[in-house]
Asks: 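To start, I am sharing the structure in question, which I have written as structure tokens.
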Amino acid sequence: MRITNRIMQRNNLSNINTNKTYQDRLSTQMSSQKKINRPSDDPVVAIRALRLRSNVTEISQYYSKNIPDAESWLKVTEDAISNLAQIMTTMIARCEKGVNSEYTTDQRKIILEEMQKLGETVYSTGDADYAGRYVFTGYRTDTSLRFLEAKKQNYTITEQLDKNAIDTVSKVETDKLLDINSTNFATTKVTEDDISSVEVHRIRLAYNDCSAVNKPVIEFTDATGAKVTWQGNDITIMHSYDKTPDNPYASAAKDEDSIIYIPETGELLLGEKRYGELTKTKDSEATSNVNEAEIRVTYDKSNWEKGDLRPEHYFYCKADKEDKSGERVTYNENYLEHGVEHQVIEYDVGFNQTIRINSTADECFKHGVGREVDDIVNAMQDMLDLEGVKKDIEGIIEKTTDEGELDTLQKQLDAVNKALTLARKKEEALFQHGITKFQGYLDDANLCVTNCGSRRSKLELIENRTQNQKTTYETLKSENEDIDITEVAIQLNAAELTYDAALMAAGKVMQTTLLNFI
């Protein structure tokens with residue numbers, strides 16, 4: 001077979017083009033510093049690159065966004081609960097001061113003001129937010145913990161309690177003492193015999209100023225396992241200002257079968273028989289999915305003051321829509337199921353790894369804190385009112401010379417002193433009770449702080465592990481995609497020399513034709 005110049009020309013051009021393509025590929029690798037620029041360059045490397053890039057992107061999301069976001073949320077939560085713990089500690093200190101029966105009226109006023117301010121501060125702390133999202137309101141991060149302004153909206157609230165929610169309250173019967181003044185003292189007949197103190201069992205609801213239109217409904221399981229409902233005629237509505245024939249507390253103390261509802265104070269007063277029925281409730285170990293010891297109280301509340309806690313963050317409840325359409329919105333229906341966890345927010349912080357970042361309001365910012373403060377404040381106010389009456393009577397005595405009036409005033413003064421003694425005992429008992437209760441709330445706050453600290457520690461370990469994983473995947477990605485610059489530079493230099501040599505050789509060969517051999 002004769003090798004023509006055309007064949008030689010084509011072979012030289014083909015070899016030169018192959019060498020040029022190889023040179024171009026090496027030059028592209030040098031400029032991009034990547035092994036391939038299209039999947040067809042190396043399908044195996046391309047498939048591995050897609051997988052590794054997906055892993056690096058995912059782990060970068062965890063490390064650069066999710067973990068810092070979770071850490072910031074936990075930090076805001078922990079700081080707010082730490083502030084709550086400090087407030088609880090201050091409240092305990094004020095209660096310890098209040099136990100001192102030798103305090104003067106001015107000193108009592110100072111404690112009264114401090115307790116009121118501390119009570120307001122507790123729940124304002126609960127409105128802490130992170131990046132515009134409230135951290136203690138569960139899934140409703142766009143809704144504040146409290147009502148930010150007074151409003152009228154009807155809620156039907158179901159509280160899930162147990163027999164531990166039943167306590168004993170005392171009430172000092174002052175008769176007409178508080179009505180005495182310089183114009184009517186002579187006609188107001190009050191003696192020591194008219195002053196007394198009664199004790200009655202009660203369920204203190206989460207709110208005061210409840211609706212007086214509808215009576216509450218009480219549901220529980222009795223000692224025999226039967227479902228019991230108290231409603232309608234079982235319950236009597238009385239008001240805190242009722243005095244005839246008796247006030248609500250005296251009425252409940254006299255009738256063992258009574259259930260008296262005071263809407264203004266949010267109290268259910270129980271007669272001795274009713275109290276005995278509720279205290280016999282007991283949870284059965286045989287049914288882990290049902291709490292037989294639960295006492296459900298359903299009631300209405302329509303008037304909300306600025307600073308009141310929103311019930312949808314705590315209870316199963318129904319509320320009228322604000323558009324006045326007559327429709328109702330249901331909140332937290334699953335709360336009625338025993339053992340349901342309340343609105344836990346979890347972040348993905350790693351491959352198949354999540355961490356809880358939120359603490360809910362019912363874990364730390366409980367209604368009982370404000371209600372305890374209300375009881376103490378009311379008791380201190382009663383003391384201040386009685387001390388004011390005593391001061392007025394003593395002032396009238398100094399100016400009175402009539403023997404009959406002096407005798408009347410002395411009896412009134414004796415009655416005031418007896419009332420003060422009883423009120424002081426009540427106040428001291430409430431302060432003692434407050435120390436125990438606030439210590440319990442402090443323990444709850446400390447537990448929440450501990451939980452936040454544990455989650456942050458766990459998150460820190462995950463962050464360290466994620467950082468190592470990120471470094472490992474980025475290394476694998478680099479080894480799979482990136483070139484060895486030194487090696488490619490040598491190969492490129494060799495390819496350039498080969499290309500130049502091929503051009504020179506082809507030039508010399510192509511100068512020789514068939515005529516040179518004839």
Side-chain angles (χ1 to χ4, degrees), residues 61-95 114 117-146 148 206 307 309-310 312-314 332 335 340-350 353-370 372-373 435-467:
Q61 171 70 21
Y62 295 142
Y63 183 74
S64 303
K65 175 62 178 174
N66 292 22
I67 290 177
D69 198 22
E71 188 173 8
S72 299
W73 188 297
L74 285 170
K75 175 98 172 41
V76 171
T77 302
E78 187 174 349
D79 289 345
I81 300 175
S82 296
N83 290 337
L84 172 64
Q86 292 177 1
I87 296 171
M88 290 295 103
T89 302
T90 305
M91 283 185 165
I92 292 171
R94 296 299 175 270
C95 286
E114 288 178 333
K117 295 297 181 184
L118 288 169
E120 294 171 1
T121 306
V122 166
Y123 298 126
S124 63
T125 305
D127 271 328
D129 69 284
Y130 168 64
R133 296 176 292 172
Y134 293 101
V135 299
F136 293 106
T137 57
Y139 302 150
R140 302 179 188 88
T141 57
D142 60 339
T143 306
S144 62
L145 181 65
R146 305 172 300 154
L148 301 181
L309 296 174
R310 302 184 71 101
E312 59 263 39
H313 299 314
Y314 292 87
N332 312 320
Y335 282 17
V340 172
E341 203 166 33
H342 290 188
Q343 300 191 355
V344 172
I345 298 176
E346 293 183 332
Y347 269 27
D348 290 327
V349 291
Q353 283 186 308
T354 61
I355 190 168
R356 179 180 176 177
I357 62 165
N358 74 318
S359 296
T360 53
D362 58 353
E363 293 177 312
C364 41
F365 295 94
K366 299 184 178 181
H367 287 81
V369 177
E372 291 293 336
V373 171
I435 292 173
T436 303
K437 296 296 290 185
F438 289 134
Q439 184 61 55
Y441 297 131
L442 176 59
D443 292 341
D444 292 337
N446 287 334
L447 178 60
C448 288
V449 171
T450 302
N451 289 338
C452 284
S454 299
R455 293 167 193 158
R456 290 186 69 184
S457 297
K458 178 182 177 182
L459 187 62
E460 186 176 350
L461 293 175
I462 294 174
E463 183 179 17
N464 293 336
R465 185 163 59 249
T466 304
Q467 185 180 22

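Model, not experiment: these values are computed from the prediction.
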Asks: I'd like to know if the side chain of R356 reaches the main chain of N358, judged simply by a donor and an acceptor atom lying under 3.5 Å from each other, with no hydrogens or angles considered.
Replies: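 Confirmed, R356 side chain pairs with N358 backbone.
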
Asks: Kindly give the heavy-atom pair with the smallest separation between I81 and A445, and that separation in Å.
Replies: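 Looking at all heavy atoms of both residues, the shortest contact is CG2-O, 3.2 Å.
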
Asks: Is there a donor-acceptor contact under 3.5 Å from the side chain of Y63 to the main chain of G350?
Replies: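 Side chain of Y63 to backbone of G350: no pair is present.
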
Asks: Determine the minimum heavy-atom distance between L145 and Y123, stating which atoms define it.
Replies: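 Closest approach of L145 to Y123: CD2-O, 4.2 Å.
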
Asks: Calculate, to the nearest 0.5 Å, the distance between atoms CG and CD belonging to L459 and E71 respectively.
Replies: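 Rounded to the nearest 0.5 Å, the CG-CD separation comes out at 6.0 Å.
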
Asks: Decide yes or no on side-chain contact (heavy atoms from CB on, under 4.5 Å) for V122 and F365, but give the supporting numbers first.
Replies: CA-CA 7 Å; V122 166; F365 295 94; 4.3 Å; yes

Asks: What's the spacing between I87 CD1 and S82 OG if we round to 0.5 Å?
Replies: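 One finds 11.0 Å between CD1 of I87 and OG of S82.
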
Asks: Taking C-beta and beyond as the side chain, do R465 and Q353 meet within less than 4.5 Å on heavy atoms?
Replies: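 Yes - at least one pair of side-chain heavy atoms lies under 4.5 Å apart.
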
Asks: Between V349 and T466, is any pair of side-chain heavy atoms under 4.5 Å apart?
Replies: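 V349 does not reach T466 side chain to side chain.
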
Asks: Considering all heavy atoms of both residues, which atom of F438 and which atom of I92 are nearest to each other, and what is their separation?
Replies: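 Closest pair (atom of F438, atom of I92, distance): CB-CG1, 3.7 Å.
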
Asks: Under the 3.5 angstrom rule, does the side chain of D127 hit a backbone N or O of S144 as a donor-acceptor pair?
Replies: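 Absent.
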
Asks: Do N464 and E460 have side-chain N/O donor and acceptor atoms under 3.5 Å apart?
Replies: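 The answer is no; no qualifying pair exists.
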
Asks: Drop me the distance from L442's CG to Q86's CD, to the nearest 0.5 angstrom.
Replies: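 L442 atom CG to Q86 atom CD measures 10.5 Å (nearest 0.5 Å).
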
Asks: When you look at S124 and R146, which way does the side-chain contact (heavy atoms from CB on, under 4.5 Å) test go after all the steps?
Replies: CA-CA 8 Å; S124 63; R146 305 172 300 154; 4.0 Å; yes

Asks: Ignoring hydrogens and geometry, is there a side-chain-to-backbone donor-acceptor pair from T141 to T137 under 3.5 Å?
Replies: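 No.
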
Asks: Would you call N451 and E363 a side-chain contact if the rule is heavy atoms closer than 4.5 Å?
Replies: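 Heavy-atom side-chain distance check fails, nothing below 4.5 Å.
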
Asks: Could you go step by step and tell me if R455 and S359 meet the side-chain contact (heavy atoms from CB on, under 4.5 Å) rule?
Replies: CA-CA 11 Å; R455 293 167 193 158; S359 296; 3.6 Å; yes

Asks: Hey, mind stepping through Y441 and L84 against side-chain contact (heavy atoms from CB on, under 4.5 Å) and telling me if it holds?
Replies: CA-CA 9 Å; Y441 297 131; L84 172 64; over 6 Å; no

Asks: Looking at Y62 and P68, what are the two nearest heavy atoms and their distance?
Replies: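 Taking every non-hydrogen atom into account, O-CD, 4.1 Å.
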
Asks: Any chance you could measure W73, atom CH2, to D129, atom CG, to the nearest 0.5 Å?
Replies: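 Nearest 0.5 Å value for the CH2-CG distance: 9.5 Å.
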
Asks: Between R140 and E312, is there a salt bridge with N-O shorter than 4.0 Å?
Replies: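 No, no charged N to carboxylate O under 4.0 Å.
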
Asks: For the residue pair G138 and I345, what are the closest heavy atoms and their distance?
Replies: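 Scanning both residues, the minimum pair turns out to be O-CD1, 3.2 Å.
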
Asks: Can you give me the closest heavy-atom contact between D362 and T360, atom names plus distance?
Replies: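 Shortest heavy-atom contact: OD1-OG1, 2.6 Å.
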
Asks: Please test Y314 against N332 for side-chain hydrogen bond (donor to acceptor under 3.5 Å, both in side chains), starting from the C-alpha separation and ending with a verdict.
Replies: CA-CA 8 Å; Y314 292 87; N332 312 320; over 6 Å; no

Asks: How long is the gap from NZ on K458 to CG on L461, to the nearest 0.5 Å?
Replies: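 Between K458 NZ and L461 CG, I get 10.0 Å after rounding to 0.5 Å.
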
Asks: Can you tell me how far apart CG (L74) and CD1 (I357) are? Round to the nearest 0.5 Å.
Replies: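 Nearest 0.5 Å value for the CG-CD1 distance: 6.5 Å.
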
Asks: For residues E114 and T90, determine if any side-chain heavy atom of one lies less than 4.5 Å from a side-chain heavy atom of the other.
Replies: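 Heavy-atom side-chain distance check fails, nothing below 4.5 Å.
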
